[in-house]
Protein chains: 2
Amino acid sequence: MMRTEGTGKSGYHHGDLRNALIEAATDLARDGGPEAVVLRAAARRVGVSPTAAYRHFTGQGDLLMAVKEQGQRGLAETMERSAGARGGSPSAGEAAEERVRALGAGYIEFALAEPGLFRAAFCRTPEAPDGGHGPGPEEDPSRWMYRSFRLLAEALDGLVATGRMPAGRRPGAEITAWAAVHGLAVLLLDGPLGRLAPEQRDAFTASALTTVIRGFTAPERPSATRPAGPAAKDAPEHDVS
Amino acid sequence: MMRTEGTGKSGYHHGDLRNALIEAATDLARDGGPEAVVLRAAARRVGVSPTAAYRHFTGQGDLLMAVKEQGQRGLAETMERSAGARGGSPSAGEAAEERVRALGAGYIEFALAEPGLFRAAFCRTPEAPDGGHGPGPEEDPSRWMYRSFRLLAEALDGLVATGRMPAGRRPGAEITAWAAVHGLAVLLLDGPLGRLAPEQRDAFTASALTTVIRGFTAPERPSATRPAGPAAKDAPEHDVS
DNA sequence: GCCTGATGTTGACATCATTAACATCCCTCT
DNA sequence: AGAGGGATGTTAATGATGTCAACATCAGGC
């Protein structure tokens, strides 16, 4: 097959563009973020005319979409690697907790290692108006999109299964976990924590993860002035997308 | 003075452009986000030549910066309003906790009410290379920037002062709190929770706030298999910017 | 062995940011 | 008061971008 390789021009017009363009565009995103994903530039890198890209993508937005997918894939892989490479687990509950922590740490790790790709992975897309999609098998984004999200959710299920987290807190928990981790990543990349020493970033990450996990696993405050609680709008329906 | 008003053309060239441009650009951002802040469009709205803007801004990036400031201001004001309008406080500790909660809710409220402005408020800026700044008294961004961040930090101080939150957890806590709230906002705006019923969004928000606050205030798990804790990289140095 | 469709190319257009050169108008200094 | 100067805007031009229409080329099936 020889796909997505530089020497892939088999005498054909190119071999397989599309993948070559995706690779070029991903490189652009790697240093420069989503706004650096310029259709003409990608075509230039591949050594092809700008309009050639329109044979494989509906336009620049579609190309960016492909880059997003690359970014999401990389993120999920880093998270899985981080969770897989964690040390021994004293107990089942401990293991589940450590997995949540490792996934969160992997999330931050990827964001810091590949800031451009990370930003591209979560950049806003004009949202195709549905209906007539151009060339290229445009799959349902929800399958690969936000795979990191599902990883987190499954880890939280483990937290409940081992009894570490009350089942009543489970609904919406993946939202909370994702929000905390993603917000931290954004804060570290673009926010006031832009230039910070690595060990400080790690410390903040550990602190945030500890706090959120404690929020999931800690018992309810014993001497509460509110038995039912006025802000008891907790535990919402769990329905994503 | 008659500034920033539509009828402000006092026979002068315009009265005060700059503010008129900022207003126009802010309107553009309101529906369309930061990428809709197009210099030429803003100038067109004000009824002025595109290059006229260069007398008041170094370029489009500078104009966007002004819009960011508007967004940050709006965000902080919504948060303060939300925190100020909260009900009675049974105890000091309870009040501090409710303030944190109200600030977070205000954060989300603004993000949902003004999605374009919110995104503009946190959009990436090329970061002026320091040194020769163009026209316009370019103040230090850290003063108005991230005012919401400071609000959150002060509320957390209150949490410690009333004894609700152990002092040892305070360092880095504003990072955690900000991350959770900001991540949730992004998730609701651009993420998988894009189109969700309002009451569900409120429920998720309440759930996230409850979890994080519990993480701040809950006692350490009593029957822990780890007395000192292997993941005790908590409590990092507190140094922003 | 030619025709059809996939794949690329050239040319053109509209928009954008930005600069240079020029015009205008108010304010201040003498 | 009147002239100059600086602030404020305008026109013209440049280079980059996304995108479309028309044309060229190559592979493989009838």
Side-chain angles (χ1 to χ4, degrees), chain A residues 3-4 8-22 24-25 28-29 32-67 123-126 128-129 132-137, chain B residues 1-4 8-22 24-25 28-29 32-67 123-126 128-129 132-137:
Chain A
R3 43 215 287 261
T4 159
K9 52 165 50 188
S10 59
Y12 206 146
H13 270 64
H14 178 272
D16 83 324
L17 240 169
R18 183 166 180 96
N19 288 71
L21 283 173
I22 291 178
L28 288 175
E35 51 270 16
V37 175
V38 172
L39 189 144
R40 295 175 98 107
R44 219 174 298 141
R45 286 201 174 199
V46 180
V48 98
S49 157
T51 54
Y54 285 83
R55 300 297 171 188
H56 303 274
F57 302 92
T58 63
Q60 186 249 8
D62 199 24
L63 179 59
L64 218 189
M65 204 66 113
V67 174
C123 75
R124 189 170 180 73
T125 317
H133 58 78
Chain B
M1 261 303 191
M2 196 189 303
R3 45 214 286 259
T4 161
K9 52 164 48 185
S10 59
Y12 206 146
H13 268 66
H14 177 274
D16 82 324
L17 238 166
R18 185 165 179 95
N19 288 73
L21 284 172
I22 291 178
L28 288 174
E35 52 271 17
V37 175
V38 172
L39 190 143
R40 297 175 94 104
R44 220 174 299 140
R45 286 202 175 201
V46 181
V48 96
S49 157
T51 53
Y54 286 84
R55 298 297 170 188
H56 303 274
F57 303 92
T58 62
Q60 186 249 9
D62 199 25
L63 180 59
L64 219 189
M65 203 67 114
V67 174
C123 74
R124 189 169 180 73
T125 318
H133 58 75

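Below, read A as the first sequence line, B as the second, and so on, with proteins coming before strands; counting in each chain starts at 1.
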(message) Could you measure the distance from the CG atom of B/L39 to the OH atom of B/Y54? Nearest 0.5 Å is fine.
(response) 5.0 Å
(message) Just the rounded figure in Å: distance from P of C/dT19 to CZ of B/F57.
(response) 16 Å
(request) Would you indicate, yes or no, if C/dA6 has its OP1 or OP2 atom less than 4.0 angstrom from a side-chain nitrogen or oxygen of A/H56? (result) no
(request) In whole angstrom, give the distance that lies between atom CZ of B/R45 and atom P of C/dC16. (result) 13 Å
(request) Give, for atom CG of A/L21 and atom NE2 of A/H56, the distance between the pair rounded to the nearest 0.5 Å. (result) 7.0 Å
(message) Can you measure B/L64 atom CG to C/dC16 atom P for me and round it to whole angstrom units?
(response) 15 Å
(request) Enter the distance from B/M65:CE to B/T58:OG1 here, rounded to the nearest 0.5 Å. (result) 8.5 Å
(request) Can you tell me the distance, in whole Å, between the CG atom of A/L21 and the C1' atom of C/dG8? (result) 12 Å
(request) Would you kindly give the CZ-to-P distance between B/R55 and C/dA20, to the nearest whole Å? (result) 11 Å
(message) Whole angstroms only, please: what is the CG-P distance between A/L17 and C/dA6?
(response) 16 Å
(request) Check every atom of D/dT11, C/dC16, D/dG9 against the side chain of B/V38 and return the nucleotide holding the closest atom. (result) C/dC16
(message) If you define the side chain from C-beta out and look only at heavy atoms, does anything of B/T125 sit under 4.5 Å from B/L64?
(response) no
(request) May I have the distance from A/R44 (atom CZ) to D/dG15 (atom C1'), rounded to whole angstrom? (result) 11 Å
(message) Is it the case that C/dT10 (base atoms only) and A/T51 (side chain only) share a donor and an acceptor within less than 3.5 Å, ignoring hydrogens and angles?
(response) yes
(message) Using whole Å, what does the distance between atom C1' of nucleotide C/dA12 and atom CZ of A/R40 come to?
(response) 11 Å
(request) Establish, with yes or no, whether the OP1 or OP2 oxygen of C/dT19 is under 4.0 angstrom from a side-chain nitrogen or oxygen of B/Y54. (result) no
